[in-house]
Asks: 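Take a look at this one; I'll ask things after.
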Amino acid sequence: MSEDRTYRASELEKKWQARWAEERTNSLDEETLLEADKPFHNLMMFPYPSAEGLHVGNIYAFTGADVYGRYMRLRGHTVFEPIGFDAFGIHSENFALKIGTHPMELIPRNIENFTRQLKRTGAMYDWDHTVDTTHPSYYKWTQWLFLQLYKAGLAEKKEAPVNWCPGCQTVLANEQVVAGECERCGTPVEQRFLSQWFFRITDYARRLLENLSWIDWSDTTRKAQENWIGRSEGALIRFPLREPEAASYAEGAGPAQDVGTQQSDVAGDQPTSARATRNGDANHIEVFTTRPDTLFGATFMVLAPEHPLVGRLTSDEQRQAVEVYRRRAAAMDLVARKKTDKEKTGVFTGGHCINPGTGKEIPVWIADYVLMEYGTGAIMAVPGHDDRDFEFATKFALPIVRVVAGVDEDGLTPLEQAYLGDGELLNSDQFNGMHWQEAKKAITRWLTDRNLGEEQVNYRLHDWCISRQRYWGPPIPIIYCAGCGAVPVPEDDLPVVLPHVDDYRPDASGVSPLARVEEWYRVDCPACSGPARRETDVSDTFLDSSWYFLRYPSASLDDQAFEEQRTQRWLPVHMYIGGEEHSVLHLLYARFITMALRDLGLISFEEPFQRFRKHGLIIKEGAKMSKSRGNVVVPDDYIEDWGADTFRTYLMFLGPYQEGGDFRDQGLTGPHGFLSRLWDTVVRSPMGDEPVSGTLEQKLHATIKKVTEDIDGLSYNTAIAAMMEYLNAVREGGRQTNRSEVETLIILVSPFAPHLAEELWQRLGHEQPLFTRQTAAGNPVHWPEYDPDRATADTVEFVVQVNGKLRARMAMPRGTSEDQAREAALADENVRRQLDGKQIQKVIFVPDRLLNLVVA
RNA sequence: GCGAAAGUGGCGGAAUUGGUAGACGCGCGAGACUUAGGAUCUCGUGGGCUCGCCCGUGGGGGUUCGAGUCCCCCCUUUCGCACCA
């Protein structure tokens, strides 16, 4: 039976996978979902099922998560490890268009292929509780979620300048615009003004930021969110208006109407941010500044070209120039608009306002370097102390005044560039001599007393635009009626099923493909039964993924999105592992949705992920993997050749999991040799039944300790190295091995190589597998304990230094005293030669480590 | 420009309350064995030489008995953010 004794990974893995499927080893039954005593929700970011199949990067991510889940399971937890498919969205749709297959055919095919691949990796997914975001049974609840936010006033429709991708022909979220280009296709993004649905995530900016201080997440991810939310402290300051002499506004005339007509032909007059509604009242322009201390240095004001007060401030002489400039700015795509290296442009409006500090009149300009989307869309320009304002003032010969002086500087020290350093105020009346930090508070207080300003905190975060003028997404469940306005689809009528449309191509009109399907969008108004029309936009795919983790435990229920008891049992997610590329997109939205649901009383926690850890990225032979380079690792081939166990173990070994590493074909032989040797030890060579030998016992305990601690900290590479080291010691010199010496190792290796471990476990005569069907009571505890006393060696290698240089190593019993160590050191020939009869001036003794003799 | 992380043998990477630099693996060299297996086993493998030392963790300073680890300056790389007032 020699065949029986050869390590045939592929056959053996298929055997165990079949058994897991048959015995539902990894599926939780309803009772377990409801009652689990020690629940552990082990979540990984669900994949987008591309046509290319599972990428090695996916497997890397998933394996790291699966190792952790298996480890927790061996410690007795009931581990819920779900997987699903994030299959809506522009990416799928674009690909479907490209190959000419309808997404409703393409996506199920991709999902099937992904499922096959995922099963082959040996991860312990619960295939009875998966989600597919494109299935009506899932997006019914995505639509339901929208309705809950709508009812709570957190969803609103507003006309707004949005990022428009001419390539994908759709609106993009700010997060999907990378350096002014479409994240997906790289086309420069343009500005358009469309009526869109927004979620008021900015209402949660403060909480989203503050909770970052206590959630247990990878530091870099928290930092990325912190930057994205972008809190800045400063002041809101009101500058009284001085209207242009020649302006055609008669006293008492309603300027607002005029503003409206001025705006409409140029650009929308709505602010993007829900909170930026304060551009000033009839008599003031408001600005936000982080440097209220430089108020007296504000020598002019700059408004965004889209600012609603521009029309009113513009004088007749300047009107034409202003209009031309505004038109140009509106037409400009956002790449060009936001390029920082281009020369500043701008136009004087002819209008003025009063600097409330100096009481002097200052001119009001418009320029595209001021963005309507941030703050109030207007700035007080302080050219003396701001680089951008300095550049602008220099170009247009506007006055530059110094109001902060550093050491050895005074009011006469010329400014060759904006001064941003530390210093004291000058040219600022009663605030002269004050340190600028102090002046910030003092001037803000002074303004507050006069009702000309107040302290203000501003966030960079924008509201979340969820409308997409595309086909492949869940229709937004709103109906428009001439009489009733926007009416939510009654919950009983959900889902609003996405119809099968043959021509789902987007077009440049900015109107969704669904708007061409009259029989679909024509409906009766749910309120008045009159003729009405459905919303024809679909929602952003980030909405699908913002709540999927809530769905998993309740995935088998069709009467509610997430059932209370299950939710309480399994959420918040205990461990979430995923890529850093989702630091500010998915992870922020998921947090927002969770907070909103909690405020609505639908769940009882406000942070969705107790622990989040990012995984690193895999490169191939030192280079980024890409199709164009032709160096993409196709996992199927490797798994077929080497087995899933070797592939998994190698992926976890090639570098620190949280940092990624370099995939090298030759590298696979290392872990493969290790697993083969383990196999040989158990199966091919006779094992004795002696207890663990003395030195090995210490090594075994040290290994258990190391592997346990390393898996806890996701340091998989060093955990594997420790196991290799141990196995090498067990087999050293071809010695007779004992069953007692390898049995524990099989358990330690099982999170990485579960198939092999089960097979060896069985061959050692165990009737029950390591991973048994999970129950509410938990799992059998297999993970070994270690004895801390036995995990340390009795003998240490002790080092003797002379003047900090290594001169001798000697084996010493643990706990050797300084005197004994010194005696031994002085007996060493080499040490004696180094000392050369010199006077020992100082002795440093580190117990069980070293002795350092310092001589003159 | 701002922020974050990182620079260690031929290669992937170990080691930081400051205490033996290079664990483990790949590759390479020498040998053994053969049930020919992506074998296995043994020994070696940072550089240099006068064989006892010297040099060595991107570069340069510093603190210390002792620095890959701490401090200062600089260089390089990667990843975020980027006219955010």
Side-chain angles (χ1 to χ4, degrees), chain A residues 2 5-7 178-180 219-221 223-224 226-228 230 232 234 287-291 302 337-342 344 367-371 373-382 386-389 391-392 458-462 580-581 583-584 617 619 621-622 624 641-642 646 650 653-656 659 661-674 676-677 680 684-685 715 717-725 728 731-734 796-809 830 833-834 841-846 848-855:
Chain A
S2 68
R5 310 187 69 179
T6 308
Y7 176 35
V178 176
D219 285 343
T220 47
T221 311
K223 194 79 195 161
E226 194 183 313
N227 291 340
W228 191 261
S232 19
V287 302
F288 172 73
T289 178
T290 53
R291 295 291 305 272
V302 187
R337 170 80 183 256
K338 292 202 176 178
K339 269 260 160 57
T340 56
D341 51 4
K342 70 171 200 259
K344 296 265 180 293
D368 66 5
Y369 79 94
V370 175
L371 307 173
E373 64 200 41
Y374 185 76
T376 62
I379 61 159
M380 64 176 209
V382 185
D386 180 283
D387 287 329
R388 297 153 300 183
D389 299 344
E391 194 190 328
F392 194 81
N458 230 312
Y459 296 94
R460 206 194 71 126
L461 186 69
H462 292 84
E580 226 192 351
E581 66 275 19
S583 291
V584 290
L617 297 176
I619 55 172
E621 319 277 345
K624 214 175 250 181
D641 289 352
W642 297 86
T646 292
Y650 174 57
F653 180 68
L654 56 68
E659 281 155 50
D662 193 357
F663 188 103
R664 288 168 180 271
D665 286 353
Q666 277 189 328
L668 278 148
T669 57
H672 184 259
F674 166 62
S676 302
R677 282 192 290 278
D680 286 355
R684 301 185 73 168
S685 25
S715 301
N717 56 333
T718 49
I720 294 166
M723 291 188 277
M724 288 172 165
E725 217 174 328
N728 289 345
R731 291 165 59 90
E732 191 173 26
V796 292
E797 201 183 353
F798 196 84
V799 167
V800 182
Q801 298 180 335
V802 177
N803 283 346
K805 294 203 186 256
L806 182 90
R807 297 305 174 193
R809 301 164 196 259
N830 207 23
R833 187 172 45 239
Q834 290 300 322
Q841 295 188 325
K842 195 172 175 183
V843 178
I844 283 107
F845 175 70
V846 181
D848 297 330
R849 304 221 98 161
L850 66 73
L851 187 77
N852 187 8
L853 304 169
V854 184
V855 297

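Keep in mind that this is a model prediction, so the values were computed, not measured. Numbered from 1 within each chain, the chains take letters A, B, ... in sequence-line order.
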Asks: What interatomic distance, in whole Å, is found between C1' of B/rA82 and the corresponding atom of B/rC75?
Replies: 24 Å
Asks: Take atom C1' in B/rG62 and the same atom in B/rG12, then report the distance between them in whole Å.
Replies: 34 Å
Asks: Has A/Lys344 got a side-chain N or O lying under 4.0 Å from the OP1 or OP2 atom of B/rA85?
Replies: no
Asks: What nucleic acid atoms does A/Glu725 come within less than 4.0 Å of, heavy atoms only: base, sugar-phosphate, or nothing?
Replies: sugar-phosphate
Asks: Which part of the nucleic acid, if any, lies within reach of A/Val799 when heavy atoms closer than 4.0 Å are counted: base, sugar-phosphate only, or nothing?
Replies: base
Asks: Do you know the tightest heavy-atom contact between A/Trp228 and A/Val584?
Replies: CB-CG1, 3.5 Å
Asks: Could you say whether A/Lys624 or A/Leu806 is positioned toward the 5' end of RNA chain B, judged by the nucleotide with the nearest heavy atom to each?
Replies: A/Leu806
Asks: In chain order, what residues pass the side chain to side chain contact (heavy atoms under 4.5 Å, CB included) check against A/Asp665, with sequence neighbours excluded?
Replies: A/Lys620, A/Glu621, A/Tyr638, A/Phe663
Asks: Roughly how many Å is it from OH in A/Tyr369 to C1' in B/rC83, rounded to a whole number?
Replies: 9 Å
Asks: B/rA85 P sits how many Å from A/Tyr459 OH, rounded?
Replies: 13 Å
Asks: Students often mix this up, so state it plainly: with edges at 30° and 60°, are the rings of A/Phe288 and A/Tyr374 parallel, tilted or perpendicular?
Replies: perpendicular
Asks: Tell me the interatomic distance from A/Leu668, atom CG, to B/rG27, atom P, rounded to whole angstroms.
Replies: 11 Å
Asks: Restricting to ring-ring contact (aromatic ring centres under 6.0 Å, His included), what partner residues turn up for A/Phe392, sequence neighbours left out?
Replies: A/Phe300, A/Trp365, A/Tyr369, A/Phe396
Asks: Can you find a side chain N or O atom of A/Lys842 that sits less than 4.0 Å from OP1 or OP2 on B/rC65?
Replies: yes
Asks: What is the distance from CG of A/Asn227 to P of B/rG1, rounded to the nearest Å?
Replies: 18 Å
Asks: Using whole Å, what does the distance between atom C1' of nucleotide B/rG56 and atom NZ of A/Lys805 come to?
Replies: 11 Å
Asks: For A/Arg291, give me all partners under side chain to side chain donor-acceptor pair (under 3.5 Å), at least two apart in sequence or on another chain.
Replies: A/Asp293
Asks: Quick one: are A/Val799 and A/Arg849 in side-chain contact, heavy atoms under 4.5 Å?
Replies: no
Asks: Please report the distance, rounded to the nearest Å, between CD in A/Glu621 and C1' in B/rG10.
Replies: 15 Å
Asks: Considering every strand and a 4.0 Å limit on heavy-atom distances, what is the contact class for A/Leu654: base, sugar-phosphate, or nothing?
Replies: sugar-phosphate
Asks: Please work out whether B/rG7 sits syn or anti, treating a glycosidic angle within 90° of 0 as syn.
Replies: anti
Asks: Using a cut-off of 4.0 Å on non-hydrogen atoms, how would the nucleic acid contact of A/Val370 be classed: base, sugar-phosphate, or nothing?
Replies: base
Asks: Strictly distance-based, threshold 3.5 Å: is any side-chain N or O of A/His672 a donor or acceptor partner for the main-chain N or O of A/Trp642?
Replies: no
Asks: List the protein contact pattern of nucleotides 33-50 of chain B with one symbol per nucleotide (5' to 3'): B for base contact, S for sugar-phosphate-only contact, - for none; contact means a heavy-atom distance under 4.0 Å.
Replies: -----B-SSS--------
Asks: Suppose you measure atom P in B/rG46 against the same atom in B/rG10; what distance do you get, rounded to whole Å?
Replies: 10 Å
Asks: With Watson-Crick and G-U wobble geometry limited to distances under 3.5 Å, how should the secondary structure of RNA chain B be encoded in dot-bracket form, using | for bases paired to another strand and [ ] for crossing pairs?
Replies: (((((((..(((......[....)))((((((.......))))))((((..))))..(((((..]....))))))))))))....
Asks: Taking CG from A/Leu461 and P from B/rA82, how many angstroms apart are they, rounded to a whole number?
Replies: 12 Å
Asks: Quick one: label A/Phe653 by what it contacts on the DNA or RNA (base, sugar-phosphate, nothing), any heavy atom closer than 4.0 Å.
Replies: base
Asks: Sticking with atom C1', work out how far B/rA21 lies from B/rG13, rounded to a whole angstrom.
Replies: 14 Å
Asks: With sequence neighbours excluded, what pairs up with A/Asp386 under the salt bridge (charged side-chain N to carboxylate O under 4.0 Å, His left out) test?
Replies: A/Arg388
Asks: For a quick check of understanding: with a heavy-atom distance under 4.0 Å over all strands, which category does A/Gln834 fall into, base, sugar-phosphate or nothing?
Replies: sugar-phosphate
Asks: Touch check for A/Arg809, heavy atoms < 4.0 angstrom, all strands: base, sugar-phosphate only, or nothing?
Replies: base
Asks: Assess the residue pair A/Ile379 and A/Asp389 against the criterion (side-chain contact (heavy atoms from CB on, under 4.5 Å)); give the C-alpha distance rounded to whole Å, side-chain angles, the decisive distance to 0.1 Å, and a yes or no.
Replies: CA-CA 10 Å; A/Ile379 61 159; A/Asp389 299 344; 3.5 Å; yes
Asks: Using atom P of each nucleotide, how far apart are B/rC74 and B/rC2 to the nearest Å?
Replies: 11 Å
Asks: Return the value, rounded to whole Å, for the distance between atom CZ of A/Arg664 and atom P of B/rG13.
Replies: 8 Å
Asks: Using heavy atoms to find the nearest nucleotide of RNA chain B for A/Asp662 and A/Gln666 separately, return the residue whose nucleotide is more 5′.
Replies: A/Asp662
Asks: Distance check: side-chain N/O of A/Arg460 vs OP1/OP2 of B/rA82, anything under 4.0 Å?
Replies: yes
Asks: Could you tell me how far B/rG1 sits from B/rC54 if I compare only their P atoms? Round to whole Å.
Replies: 44 Å
Asks: Could you tell me whether the side chain of A/Asn458 and the main chain of A/Ser232 form a donor-acceptor pair under 3.5 Å?
Replies: no
Asks: Would you classify A/Asn717 as touching base, sugar-phosphate or nothing, given that sugar-phosphate means primed atoms plus P, OP1 and OP2, and contacts are heavy atoms under 4.0 Å?
Replies: sugar-phosphate
Asks: When we call it a touch if two heavy atoms are under 4.0 Å apart, what does A/Gln841 touch: a base, just sugar-phosphate, or nothing?
Replies: nothing
Asks: Check whether any side-chain N or O of A/Ser232 sits under 4.0 Å from OP1 or OP2 of B/rA85, and answer yes or no.
Replies: yes
Asks: Step by step, would you call A/Asn728 with A/Arg677 a side-chain contact (heavy atoms from CB on, under 4.5 Å)?
Replies: CA-CA 9 Å; A/Asn728 289 345; A/Arg677 282 192 290 278; 4.3 Å; yes
Asks: Check every atom of B/rA15, B/rG19, B/rC54 against the side chain of A/Arg807 and return the nucleotide holding the closest atom.
Replies: B/rC54
Asks: Please measure how far the P atom in B/rG58 lies from the corresponding atom in B/rU8, and state the result in whole Å.
Replies: 6 Å
Asks: Taking the side chain as C-beta and beyond, is there a heavy-atom pair between A/Asp680 and A/Arg731 under 4.5 Å?
Replies: yes
Asks: When the C1' atoms of B/rC71 and B/rU63 are compared, how many Å lie between them, rounded to an integer?
Replies: 7 Å
